[in-house]
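What you are looking at is a predicted structure, and each value in this text was computed from that prediction instead of being measured. Throughout, a chain's letter reflects where its sequence line sits, starting with A, and its residues are numbered from 1.
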There are 2 protein chains.
Amino acid sequence: MQLKRADVVTGALALLDADGLDALTMRKLGARLGVQAGGIYWHFRNKQAVLEAVADRIVGEVTATPFEPGAWDAQLAELAHRLRRALLAHRDGARVVAGTYVLEPNTERGAEAALRIMTDAGFPLDRAGWVLFAVTYYVLGHTIEEQAQRAQGDWEERGKTLPASELNRLMDEVIKADPTERFTYGLELILDGVRLRLEESRGRSTCSEEK
Amino acid sequence: MQLKRADVVTGALALLDADGLDALTMRKLGARLGVQAGGIYWHFRNKQAVLEAVADRIVGEVTATPFEPGAWDAQLAELAHRLRRALLAHRDGARVVAGTYVLEPNTERGAEAALRIMTDAGFPLDRAGWVLFAVTYYVLGHTIEEQAQRAQGDWEERGKTLPASELNRLMDEVIKADPTERFTYGLELILDGVRLRLEESRGRSTCSEEK
DNA sequence: ACCTGAACACCGTTCAAGT
DNA sequence: ACCTGAACACCGTTCAAGT
């Protein structure tokens, strides 16, 4: 059976889940695929290209199931939550996606879906792009942090040697908090801003006067 | 003259600015410092520790000059802009800081400054922490993107082979837009959300009725 | 067309030994 | 205390040569 591009991606994803991004080498990937490391270069230009394909596979989950029709802000929130879950589904998923400037098909599909949501709601295309960027950065940053388990261990270690400062107490609380709740809080901050601007552009006051 | 920790950080930062993060190796750093690569390990546990110290040096600019007294939202915006400028001041600055979970002194100072701004404004400590996380993620994500010049070149190349889609036109506009303006737009989205929550917690309506 | 085998030019890290 | 010299166990990538 001949090696196909899709097989390489599947193998790389399995290796990623098993050992993490730092242990994902072309040599180990070759071994898993029953091939010399050099052989992979017939299918992919270089390691970066493999990682881009892996990133696109991960992001593909976001558009795998269709979106329920509904209000634009609910849809945008759903999109953000899907992206976070897709990243969390694979070890170091957020780092892989953040590290590759993805122009692959699945990522394009996701971006276009998000833009349609915004423009359908009456947002001008360029502002919709800026909103999409802001939301994406937030999701990536938050999820990278969630997957960096170092955080917890390091902080606990440090907390013992440090004086009981305000920052210290806060970090304890932030780490103990439910990550999904924390994620949703920040996402809602952004969505509030978008709602405000959308209402302004519709020529309404920021007071909700309708009933 | 003996090698000090601070010299290693200065050398690493110079190497970073000259050649970028990917070319920053312990061997090249040693050469620049007039020392064998192994010698660095007497001062730092490993390469990661060097990068953490570099990250803290970069972030130190944020608290280098005192904050003007003023409204909390203006101060928080100032903090975010300072962080972005500090990251942009060095090649791959955002990637370095994002890649190191920093618990170094300058970063702690910055975090505590930000928390004080929020709690002085009447925000509960735990929510202040969540807001700070959200803002930090946004700044890091946006600035990583700004520093990935790949974006521009790659997209222009791709744009020629792709059909003239809506996404295509948008990306052109987003790339051409002033980065500072784009950054400020997303930041204001978040700040709007924070303002809303602060007003609610003060028991006022979202309508500004004073005046 | 697709992959092997072997090489090239590197890495980070360790550690005896020097001073 | 501070650093050298040399080694160890790796890397990503290339490319003639095989099938």
Round to the nearest Å and state the distance from [X] atom [atom1] to [N] atom [atom2].
{"X": "A:F44", "N": "C:dA1", "atom1": "CZ", "atom2": "C1'", "value": "17 Å"}
{"X": "B:D22", "N": "D:dT13", "atom1": "CG", "atom2": "P", "value": "11 Å"}
{"X": "B:K28", "N": "C:dG12", "atom1": "NZ", "atom2": "P", "value": "9 Å"}
{"X": "A:D7", "N": "C:dC2", "atom1": "CG", "atom2": "P", "value": "12 Å"}
{"X": "A:N46", "N": "D:dC11", "atom1": "CG", "atom2": "C1'", "value": "14 Å"}
{"X": "A:M26", "N": "C:dT4", "atom1": "CE", "atom2": "P", "value": "13 Å"}
{"X": "B:Q36", "N": "C:dA16", "atom1": "CD", "atom2": "C1'", "value": "15 Å"}
{"X": "A:I40", "N": "D:dT13", "atom1": "CD1", "atom2": "C1'", "value": "11 Å"}

Problem - Nearest-Å distance once atom C1' is located in both D:dC3 and C:dC15 - result: 12 Å
I want to verify a distance call: between [options], whose nearest atom is closest to the [X] side chain?
{"X": "A:V35", "options": "C:dT13, C:dC3, D:dC11", "answer": "C:dC3"}
{"X": "B:Y41", "options": "C:dG12, D:dC11, D:dT13", "answer": "C:dG12"}
{"X": "A:W42", "options": "C:dC2, D:dC3, C:dG12", "answer": "C:dC2"}

Problem - D:dT4 pairs with, by Watson-Crick or G-U criteria that keep both distances under 3.5 Å - result: C:dA16
Problem - Assigned partner base of D:dC11, Watson-Crick or wobble definition, under 3.5 Å - result: none
Practice task
Could you say whether B:R45 or A:R27 is positioned toward the 5' end of DNA chain C, judged by the nucleotide with the nearest heavy atom to each?
Solution key: A:R27
Handout entry: Crowding at CD, A:E188 (>12 non-hydrogen neighbours, <6.0 Å)
Key = yes
Exercise for the section: Tell me, yes or no, whether the heavy-atom count around A:E78 atom CD, taken from other residues, nucleotides or ligands under 6.0 Å, exceeds 12. Expected result: yes
Handout entry: Side-chain donor-acceptor pair present, B:R109, B:T63, cut-off under 3.5 Å
Key = yes
Exercise for the section: Using only heavy-atom distances, determine whether the side chains of B:T184 and B:H81 contain a donor-acceptor pair under 3.5 Å. Expected result: yes
Practice task
In plain terms, say whether A:K4 and A:D7 are close enough for a salt bridge, that is, a side-chain N and a carboxylate O under 4.0 Å apart.
Solution key: no
Problem - Presence of A:H43 side-chain N/O under 4.0 Å of C:dC3 phosphate oxygens OP1/OP2 - result: yes
